[in-house]
Amino acid sequence: MANNGRALVLDPLKCTGCHSCEVACSTAREGASSLVRSRIRVLAFEADDFNCPIVCQQCQTPYCALVCPTRALVKNADTGIVDWVQSKCVGCKMCLVACPFGALNMADGGNVLKCDLCQGDPVCVRFCQPGALSYGTLDEVGGGQRVKFAQTMKQAQLKEV
Amino acid sequence: MAGGYSGKLLRVDLTAGTVRDEPLPGDDVLRKYVGCVGLGVKTLCEELPPGAKPLDPSNPLIFMTGPLTGTPVPGASNCCVITYNAETGFTAGTAHTHGQFGPQLKYAGYDGIVVTGASPRPVFLWVHDGKAEIRDAGKVWGKDTHETEDLVKAEVGEPRASVAAIGPAGENLLGGASIENDKHHLAAAGGVGAVMGSKKLKAVAAFGHGAIPVARPKDLIEVTAAWRPASAAARQNTPALITKRWAFFGDIGVLATKNLLAPAQGKDIGHKYADACLTYIKPVGKPCLSCPVACSYKAKVTSGPRQGLVGTLGGGGESMEGAAAMVGVSDPADVVWITDLYDRLGMNASSVGCAISLAFECYERGLLTREDTDGLELRWGNVEVAAALVKKVVAREGFGKVLAEGPKKAAELIGGEAPKYAVHMKGAGFNLHDWRGRYAKMLDQTVSGAGPRHESMAPDGFSPTPTKIEGAAETIAKTQRSKLFKDCVGSCMFMWTGGASVATEMRALAAVTGWEGLTEDEMLAVGSRVANMERVFNMAHGLTIADDLDMSPRMQEAPAEGPAKGHSMAPYLKGAVMDYYRFMGWEPETGRPLPQTLARLGLEHMATQLP
Ligand code: SF4
Ligand code: SF4
């Protein structure tokens, strides 16, 4: 299934640190509930009330794929997803180091835990009631910000009149 | 092994200083008792030696999770603490806590911990990735619960660990002592903190990289993805809205105010607080693991004399009532401050708060003078004096010694008319709101098998107007089965607002465990089993119908003002309790479970324990 050029968008300011996305992802994809066997991770800064979800951004130039010696990671031109091909992976962990977000993990058995957008139907998004995770077209990714900015400008303009 | 379980119990003997793993019982047993209070009360009934007292080393302190704990089920964070109740002294005790502790215990590889014995010196337990160590707690003994959490995390070097700890109240064996975890949560009732203190166990820290197997992940995702948004919408998942609930409690007259003398003033206290939470108190939601709601919150005071104060509150309101409103404290920042003080000292404001408010009323009435109170002037609303008295109680110092005995005994010690003013059930605290006029809720609290607490889904607790006694007993008996079933699975009771039910929970349980052919009747029998085990246990330890009728005079008296004005439980109490017994399949005069009731639940072996 293609993801139609859509992206998993993170809004840390809305994240409450409930870890629901992690237990949902690990359950859906690994068949077991866990905070560490998840393809999405949430870092909680308790004292500062800041929580940061981190997940693969399906980069245009994926460093993980660049460093992979066996081409087990490849950017799929049709779906935009960076695919992990299990049969080619030698478990060297170079991709874990290369990802600038630290978004990749490895399970005990050596499987790379890398988000594939659930092939177009991301489970974690359905489990994020606070709305810190959304799945939208590239136009929508910046859309929220655009609307907010435009509204601020509108307010300023109305005040002046 | 069924999905949902880690498969192991941790056995800790603090007298011998040893730990060992024990496999969880087989599927046949698990299907009957499931987890949390089910497995916990079963263990208590089987393992408490005859003649043991709550603070004896042989009383097991049991931490137990359920198969849904730590999964994507909404609010899947429940961990129960079960023990011989140190507050009532003659019943089972169960307390529920949430946050991250239960899930972390399971990720660390254990479904539960059974602690027996007593250590000669303070210790804490560090449970991580399938291992457990007993560590020295000399440095943290005497510290408050929040400091203890931070110090223990630093000591084990794992900031992601979850810590459950007692404060000075538990160390000093106060009946109202609780176990606190993740700053915002208390296993509040049952005197569980005192039992932990008697074992010199200061804290339990848990963390794990493990995973909980789920038998049918696809089904679980289906059931829970539909369930979560409904719960979130029904509970209104922003802290600002949750703080408004307290104003609503005030409106309907259940906000417990001035030792229950002034229900009409609760409205003012509730509204002031909700308004402050929109202006100079900033609430920040702090969800439990896998919770779409976040009813716990940090209350950050941003201006005024208490600017900079950060209170770590729960979502219920009971502790704010016990700590603040019951002594007439109404300034919102003061409410946050003194509620937080109770949390830090590690005690249940619903219980200790009733002893404090009793003293205030006795002082105002002239029954107590400054000579009795070590010079403190107990005037309604004086937050500093209330705090000073709370500290005396925890230290069992001077007049504090009297109040440390709990509201019922303290009233007897004060003497005179004091017993007429005390607020308690069975001598203990209860889920503190002013339930008078809500007859089903009153009955729920007094017949609960684990000491006074919510054990059923009384529909009238927050009804805007008083209710009728008709039908109350049947409702309590029926909904107790579903509530106690819910208390066995591992997810939060609040998640049933929004339409979820026994059937929803059962589908989630089936998906997690892989159990085939579950029926609603089987689930309700799980709940009935808990109620009957508790009943046998309690009667074996001396409970009679007189104890179920031991609702203090103030609780039975009709309020002089507010929505419940003129409504008294007194004429109905005995009849309602006996009706409840009848609906439970117990002898109406004594509450003794009938042989056929026990047999139907597979508990016939327990009959011999009945007096
Ligand atoms: S589910 Fe949403 S709010 Fe909760 S931790 Fe994940 S991203 Fe944050
Ligand atoms: S989209 Fe799917 S695989 Fe990716 S983080 Fe979310 S649940 Fe996990």
Side-chain angles (χ1 to χ4, degrees), chain A residues 11-54 102 105-111 113 118-119 121-135, chain B residues 3-4 68-77 100 103-104 106-107 150 153 159-160 182-183 207-218 220-222 224-226 228-233 235 237-239 282 284-294 297-298 300 310 312 511-512:
Chain A
D11 185 347
L13 296 185
K14 284 191 187 156
C15 176
T16 61
C18 68
H19 302 287
S20 304
C21 49
E22 294 169 298
V23 282
C25 175
S26 56
T27 302
R29 306 303 305 275
E30 296 290 303
S33 305
S34 159
L35 296 183
V36 288
R37 271 204 226 163
S38 169
R39 285 151 171 82
I40 185 167
R41 300 292 291 272
V42 178
L43 268 65
F45 298 84
E46 223 296 305
D48 305 308
D49 303 326
F50 181 72
N51 305 289
C52 194
I54 294 168
N105 291 296
M106 189 175 278
D108 283 348
N111 279 3
L113 299 176
C118 293
Q119 297 298 324
D121 182 17
V123 165
C124 53
V125 173
R126 285 197 275 158
F127 280 72
C128 180
Q129 273 66 44
L133 306 178
S134 54
Y135 188 55
Chain B
L68 303 190
T69 309
T71 71
V73 170
S77 58
Q100 318 286 324
Q104 282 299 354
K106 285 180 77 177
Y107 302 147
D150 294 341
K153 282 186 203 182
R160 291 172 296 176
D182 303 299
K183 304 266 163 93
F207 176 77
H209 292 87
I212 304 158
V214 171
R216 294 198 282 271
K218 254 191 147 162
L220 184 65
I221 295 295
E222 275 327 301
T224 50
R228 296 174 62 95
S231 296
R235 305 271 330 163
N237 59 342
T238 77
K282 186 174 177 239
V284 181
K286 289 287 156 188
C288 302
L289 186 124
S290 196
C291 174
V293 175
Y297 60 100
K298 269 189 196 172
K300 300 171 124 179
V310 180
T312 52
V512 169

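Chain naming here is simple, since letters A, B, ... match the order of the sequence lines and numbering starts at 1 in each.
Between B:Ile221 and A:Arg126, the closest side-chain pair of non-hydrogen atoms falls below 4.5 Å. At least one side-chain heavy atom of A:Ser20 sits under 4.5 Å from a side-chain heavy atom of B:Arg228. Side chains of A:Gln129 and B:Pro229 form a contact here, defined as non-hydrogen atoms less than 4.5 Å apart.
When every heavy atom of A:Ala24 is checked against every heavy atom of B:Pro72, the shortest pair comes out as CA-CG, 3.9 Å. Minimum interatomic distance between B:Ser290 and A:Val23 (heavy atoms only, all atoms of both residues): OG-CG2, 3.9 Å. The shortest non-hydrogen separation linking A:Thr27 to B:Pro217 is O-CB, 3.3 Å. Shortest non-hydrogen contact noted between A:Ser33 and B:Thr71 is OG-CA, 3.5 Å.
The OG atom of A:Ser34 sits 12.5 Å away from atom NZ of B:Lys106, with the distance rounded to the nearest 0.5 Å. From B:Lys286, atom NZ reaches atom SG of A:Cys18 across 12.0 Å, with rounding to the nearest 0.5 Å. Atom CZ of B:Arg160 and atom CG of A:Leu35 lie 9.0 Å apart (nearest 0.5 Å).
Only the backbone of A:Ala47 has a heavy atom closer than 4.5 Å to any heavy atom of chain B. At a 4.5 Å heavy-atom cutoff, the contact between B:Leu289 and chain A is made by backbone and side-chain atoms alike. Heavy-atom distances place the side chain of B:Lys298, and not its backbone, under 4.5 Å from chain A. Contacts of A:Ser26 with chain B are absent, with no heavy-atom separation under 4.5 Å from either backbone or side chain. Using a 4.5 Å cut-off between heavy atoms, A:Glu46 touches chain B through backbone and side chain atoms alike.
Heavy-atom neighbours of B:Lys300 NZ from other residues, nucleotides or ligands within 6.0 Å: above the threshold of 12.
Taking non-hydrogen atoms and a 4.5 Å limit, the residue list of residues 36-44 of chain A in contact with chain B, ordered by number, reads A:Val36, A:Arg37, A:Arg41.
Counting heavy-atom pairs closer than 4.5 Å to chain A, the top residue among B:Ala225, B:Cys288, B:Ser77 is B:Ala225.
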